[in-house]
K.L.:
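Structure provided below as structure tokens; questions to follow.
Because only heavy atoms are used, hydrogens play no part in the values below, and waters and symmetry mates are left out as well, while side chains stay in.
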Amino acid sequence: YFYTKQMPLQALEALNGGQAPSAEEVQRHFMFATGQIHKQWRRVADKLLTPRGLTQALWLPLLHLHRSAEPMRQKDLAFSLALDNSSVVRLVDGLMAQGWVETVADADRRVKRIQLTASGRAEAEMASEVLAEARQQVLRSVPAEELLSAFATMQKLIQAMNALEEEPSAGKLQSDA
């Protein structure tokens, strides 16, 4: 079934003739709903930042670099953006052309490290401020204890998925049985 702008829980209840969904139904739709939240947040961010001259191809790497404690290796930026290295090369070239990033030397001369310039930091800070305001507006509807619980649940899911990614037998998933 397809999600609309209707909340997923309401959609599941509608499919069940008004009855609350079973735990199995929630599990079946949970990851999809999480993905929808992610996609919708990016659409909101694009809507807010594009008029300020920042497309997703620009604001996303700027924010990743801004959040990093030190200049990022190009391959780490690629991993954090879920892109291949060749895509990041073009992305970094575009950010350099804007004057927002620069490469810095690394102990290993084969490694490129990327950091924000002063103007890149200013762009990233502007984007962070705009998104922080939108995030507050969105999360205002969720009580703090529910948000903390949801965040703890997400951390558990991330750990479980990290464990699956690290398993040597990537094609074989173990059941709970």
K.L.:
Is any side-chain heavy atom of M126 closer than 4.5 Å to a side-chain heavy atom of R52?
P.N.:
yes
K.L.:
Looking only at heavy atoms, what is the nearest atom pair of A124 and L116, with distance?
P.N.:
CB-CD1, 4.1 Å
K.L.:
Between F30 and M154, is there shared hydrophobic-cluster membership here, with clusters defined by ILVMFWY side-chain heavy atoms closer than 4.5 Å?
P.N.:
no
K.L.:
Between NZ of K47 and CD of Q40, what distance do you get to the nearest 0.5 Å?
P.N.:
10.5 Å
K.L.:
I want to check something: taking the side chain as every heavy atom from C-beta on, are L131 and L49 in contact at a cut-off of under 4.5 Å?
P.N.:
yes
K.L.:
In the structure I gave you, are the side-chain heavy atoms of M96 and T117 within less than 4.5 Å of one another anywhere?
P.N.:
no
K.L.:
Decide yes or no for T55 and W59: does some side-chain heavy atom of the first lie under 4.5 Å from some side-chain heavy atom of the second?
P.N.:
no
K.L.:
If the condition is side chain to side chain contact (heavy atoms under 4.5 Å, CB included), which residues does A122 pass it with, not counting sequence neighbours?
P.N.:
none
K.L.:
Between CZ of R43 and CD of Q36, what distance do you get to the nearest 0.5 Å?
P.N.:
7.0 Å
K.L.:
To the nearest 0.5 Å, how far apart are CD in E123 and CG in L95?
P.N.:
10.5 Å
K.L.:
Checking side-chain contact (heavy atoms from CB on, under 4.5 Å) against I114, which of D76, V92, L91 comes through?
P.N.:
V92
K.L.:
Going only through I, L, V, M, F, W and Y residues with side-chain contacts under 4.5 Å, is there a path from L148 to V142?
P.N.:
no
K.L.:
Counting distance only, does the side-chain N/O of T153 pair as donor-acceptor with the main-chain N or O of S149 below 3.5 Å?
P.N.:
yes
K.L.:
Honestly curious: do L63 and F79 fall in one hydrophobic cluster under the side-chain, below-4.5 Å linking rule?
P.N.:
no
K.L.:
Is Q115 close to M72 at the side-chain level, that is, under 4.5 Å between some pair of heavy atoms?
P.N.:
no
K.L.:
Treat each ILVMFWY residue as a node, draw an edge where side-chain heavy atoms are under 4.5 Å apart, and state whether L60 and W41 are in one component.
P.N.:
yes
K.L.:
Show your reasoning for whether side-chain contact (heavy atoms from CB on, under 4.5 Å) applies to L81 and H64.
P.N.:
CA-CA 8 Å; L81 294 170; H64 281 250; 3.5 Å; yes
K.L.:
Within this structure, what is the CG-CZ distance for the pair N85 and R90, rounded to the nearest 0.5 Å?
P.N.:
11.0 Å
K.L.:
Could you walk me through whether E70 and R113 pass side-chain contact (heavy atoms from CB on, under 4.5 Å), step by step?
P.N.:
CA-CA 9 Å; E70 59 186 22; R113 288 201 176 263; 4.0 Å; yes
K.L.:
Just jot down the salt bridge (Lys or Arg N to Asp or Glu O under 4.0 Å) partners of D84, sequence neighbours excluded, or say none.
P.N.:
none
K.L.:
Within a strict 4.5 Å, meaning less than it, do heavy atoms of the L65 and W100 side chains meet?
P.N.:
no
K.L.:
Measuring only between side-chain heavy atoms, which start at C-beta, is E165 closer than 4.5 Å to N162?
P.N.:
yes
K.L.:
Of all the heavy-atom pairs spanning S119 and G99, show the shortest one and how long it is.
P.N.:
OG-O, 2.8 Å
K.L.:
As a quick check of understanding, evaluate side-chain contact (heavy atoms from CB on, under 4.5 Å) for E125 and H66, giving each step before the final call.
P.N.:
CA-CA 8 Å; E125 287 168 7; H66 190 253; 3.3 Å; yes
K.L.:
Would you compute the distance between atom CG of L62 and atom CD of Q98 and round it to the nearest 0.5 angstrom?
P.N.:
9.0 Å
K.L.:
Above 12 or not: heavy atoms from other molecules or residues under 6.0 Å from CD of E24?
P.N.:
no
K.L.:
Looking at side-chain heavy atoms only, is the closest gap between V89 and Q74 below 4.5 Å?
P.N.:
yes
K.L.:
To the nearest 0.5 Å, what is the distance between CG on D46 and CD on Q56?
P.N.:
5.0 Å
